[in-house]
Amino acid sequence: MKRRDFLKFSASTTLALAALGAGEEEGFFMAARSLADGKGAEPMPAGSLGAKEVTSVCEMCFWRCPIVGKVKNGRLIKIEGNPNSPANGARVCARGNSGVQLLYDPDRLKYPLKRMGKRGEGKWAKISWDEALDEIAFNMEKVKKKYGPHALAYFDHGSSAEFMREIFKTLGTENYSSEPAFFQCVGPVIAAYLNSMGYVVSGTRQYIDMANAKAILLVGSHIGENVHVSHVREFVAGLQNGAKLVVVDPRFSVAANKADIYLPIRPGTDIALLMAWVNYVIQHGLYDKKFVEKNCIGFEDVRNAVKDYTLEWAARICDLNVNDIKAAIRILAVESPHVAIHPGRHSTWYGKGDVERHHALAILASLFGAVGRKGGIYFPTPVKKAHAHCIRRKEKEDMEEPDESLRDKFPFVDPFPGVPTDRIIDATLTGRPYPIRLWGINGINIIQTISNPYKTMEAIKKLDFIFSEEILPGETAIWSDIVLPEATYLERYDALYAYDGLTPYLTVRQPVVEPLFDVKTPYWIARELARRLKLKCLSCKDEKEFIEEELKELGLSLEKLNSKGGIIVHKANPYRDADKLKMPTESGKILLSIEDFEDEGLDPVPQFRPTPAPPKGYARLLYGRAPVHTFSRTMNNLWLQHEWPENHAWINDEVAKRIGVRDGDEIALENQDGRRSNPVKAKVTPGIRPDCIYLPHGFGVRSKHLTKTYGKGASDNFLITHCITDPFMGSSGKRTNFVRVIKGKKTLDIPELRPIPEELPRFKLNRA
Ligand SMILES: Nc1nc2c(c(=O)[nH]1)N[C@H]1C(S)=C(S)[C@@H](COP(=O)(O)OP(=O)(O)OC[C@H]3O[C@@H](n4cnc5c(=O)[nH]c(N)nc54)[C@H](O)[C@@H]3O)O[C@H]1N2
Ligand SMILES: Nc1nc2c(c(=O)[nH]1)N[C@H]1C(S)=C(S)[C@@H](COP(=O)(O)OP(=O)(O)OC[C@H]3O[C@@H](n4cnc5c(=O)[nH]c(N)nc54)[C@H](O)[C@@H]3O)O[C@H]1N2
Ligand code: SF4
Ligand SMILES: [Mo]
């Protein structure tokens, strides 16, 4: 019997058996009762059997897997994947499963708060919703009147943020760092692929067909620690089908663990390797000539630009074995065109060279003809989405002239909306080109997410007013003047979700349980604020009204969607005939060499421009994902805490031996600017290069109100004080920081075990 049928069957038999009342079944119920509450009060089996099932959408990370919440007596007891979902099926990851513990976290924000102590201190008084919203409206109007609309800025991330963003937009400001995930995460990949292939290859999904690939290349992308259920499934399916795997990473990641060839590259030198591979592929005729001739522009430019990049040179620059890099490129070439050259996702690594690195990956994929073909980069299938008119502002309303001055330095930030995070913070600090005096925050941890938290904290101190919508009393909350407690994803409707990818579908988030405490939904909060500000947006009564409006446009309704298991699955159309390929670029072709880049004084074909190597005595600070956590947002989760309560600093075993650090020792890290981390345990391992130290991100939370996680582990972000801004679209490169080790009272210099070639400049310390 299938699991679903079994559930249906057991739901009906539960009723039938309950009617019987006695006999053998009695024993079963007795046992279940005592399991459930120890008192025997309820005629209900323990576990999720017989629970009410509500379909919804996970928000424990941004993948938003369709889920089913299992509710008994009004209490959520279990979360599973929605079995009708083609992406995750009945599966959720550890974090998805632990949403239950977010909902019932006693540390949650329960009612509106007003700051009492200093900003950052976390001393609050409880206030009413009316008081909170009146005060926010008063301050928004005051700042707008005194300094103009551009003095208002909004930082947001996540699905609940769009309603409040509409308020900021309607008030007339361009200064929303909408999706810091763009400027702190995917910006460089997007700029590279949009300009070469004409579409966003790393979008809501990463459109790379690993499941059907015969070979896979991962540069950095640490799938397995980077966990998105369907992406991991596709990766595993590919490996199960026998795909060869090449992993390029200075650290022996979970993915590296499964590699046929693992290349422990010197960090920051990936372009050297990629362009040497491009040269090798061209020189040895390993590219798909027909595909390139028919579908690509700029092949000759590439050939000329890379002709001096030999494998021997790359081996020296990248500190790799030349035979390994040759074997790796041959493995990929043999399996072309069915090779998955993964485009990457988090790409704000070095500031300069980030777009070029992903452009180089796009060139390699194109030379292999691995676009639109099985196993390669594929095309997303658009799923029709509607937009409720009652959310947006009225078009004809008088709007301020857009002010592009914080954006216009970056030629390739278009078509993405919003302003680079750094620019908003700098304008707040300096008052130039104009003052920014009020921030609204929603769904982003500004202190742990945006590089250089010291600068962010200084900027906050300068503000007239700062408010946030939050669910937990983390760093964002303690830095706010007013904190609005939002319903969690399990207690609210959000917009419709249309997902493309290999498994396109339309689904909707809906409340699994009623909101707890005195929290409100993001739509209610924004509408109440809009009303106070007399704005002509957010005119629908509630979430249900605009969702029904959107569904109606698609010929659906909530009832109809729910009768179909909460999800409508579409057919994917990911592949194209290489002879009839038409790329969504102006020419319909892939741009191997990008003239628009050249016009802006940037490299039309990627060139290796080295990022400075560590100064003497320091290692480069690297960071990445903890598989059972999402950034800082899950740190206080009881179940996930149990799995992974703190992070460890990975240190190379040979280095550790020389400086006298043993596995499990408590150390601290100190960066090039003298900033020190919280104490953290050392993980001594041969699985990291001697010139790097690695910290999983999200730990080292600095709000005492998150009682389960406060004081555990160290934050990478508090060591990221030196950032290089990407010249294409203004993202913040973060892997440009260096650390040494503090043990007890001693500062330990990192010995240089790998010689640095002359071509690589060294980072210059500011201090003596
Ligand atoms: N469990 C979990 N999964 C997540 C998330 C989460 O919070 N938790 N977040 C999701 C999000 S939003 C994103 S953007 C992705 C991020 O995940 P990815 O896009 O995979 O992130 P990367 O930065 O590519 O990968 C980090 C790896 O890069 C390696 N690395 C560091 N420097 C270099 C270098 O110079 N060259 C090379 N080749 N490798 C280097 C590090 O050692 C580390 O193994 O993860 C997603 N998945
Ligand atoms: N140093 C460093 N910085 C990084 C990264 C890194 O690895 N290292 N990774 C970068 C990447 S790839 C990304 S995508 C970004 C992610 O950056 P963020 O999105 O800021 O990540 P989180 O730490 O999860 O912070 C989310 C915040 O939203 C709150 N929250 C959670 N659910 C809700 C909700 O339903 N409603 C509201 N209103 N709030 C909610 C959480 O409590 C938390 O405070 O960080 C980037 N910055
Ligand atoms: S990958 Fe995990 S945390 Fe992310 S949406 Fe899916 S189940 Fe939720
Ligand atoms: Mo991200």
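Counting starts at 1 for both ligands and their atoms, in listed order. Treat the numbers as computed from the prediction; the structure is a model and nothing was measured.
Of the polar atoms of S221, at least one N or O is found under 3.5 Å from an N or O of ligand 1, judged by distance alone.
Residue contacts with ligand 1 for R735 involve side-chain atoms from C-beta outward but no N, CA, C or O (heavy atoms, distance under 4.0 Å). Within the 4.0 Å heavy-atom criterion, neither part of C61 lies near ligand 1. Under 4.0 angstrom from ligand 1, the non-hydrogen atoms of T630 come from both its backbone and its side chain. At a heavy-atom distance under 4.0 Å, no atom of E59 approaches ligand 3. Counting heavy atoms under 4.0 Å from ligand 1, residue L622 touches it through the side chain alone.
Residue R95 places a heavy atom under 4.0 Å from ligand 1. Within the structure, ligand 1 has C185 among the residues with a heavy atom less than 4.0 angstrom away. In this structure, A255 does not count as a contact residue of ligand 1, since none of its heavy atoms falls inside 4.0 Å of the ligand. Residue contacts with ligand 1: E225 is included, with a non-hydrogen atom under 4.0 Å away. The closest approach between W63 and ligand 1 stays at or above 4.0 Å for every heavy atom of the residue.
Proximity to P627 (heavy-atom distance under 4.0 Å) selects the following atoms of ligand 1: 1 (N).
Judged by the 6.0 Å distance and 45° axis criteria, R205 is positioned over the aromatic ring of Y499. Judged by the 6.0 Å distance and 45° axis criteria, R735 is positioned over the aromatic ring of Y623.
Residues D105 and N636 bring a donor and an acceptor atom of their side chains to less than 3.5 Å of each other. Side chains of S731 and D354: no donor on one and acceptor on the other come within 3.5 Å.
In this structure, atom 39 (N) of ligand 1 lies nearest to the protein heavy atom P250 CD, 3.2 Å.
Looking at F763, Y618, F738 one by one, the single match for ring-ring contact (aromatic ring centres under 6.0 Å, His included) with H722 turns out to be F763.
Taking all atoms of both residues into account, the shortest heavy-atom contact from E646 to G713 is CB-N, 4.0 Å.
For atom 4 (Fe) of ligand 3, the N/O/S atoms of C61 include one lying under 2.8 Å.
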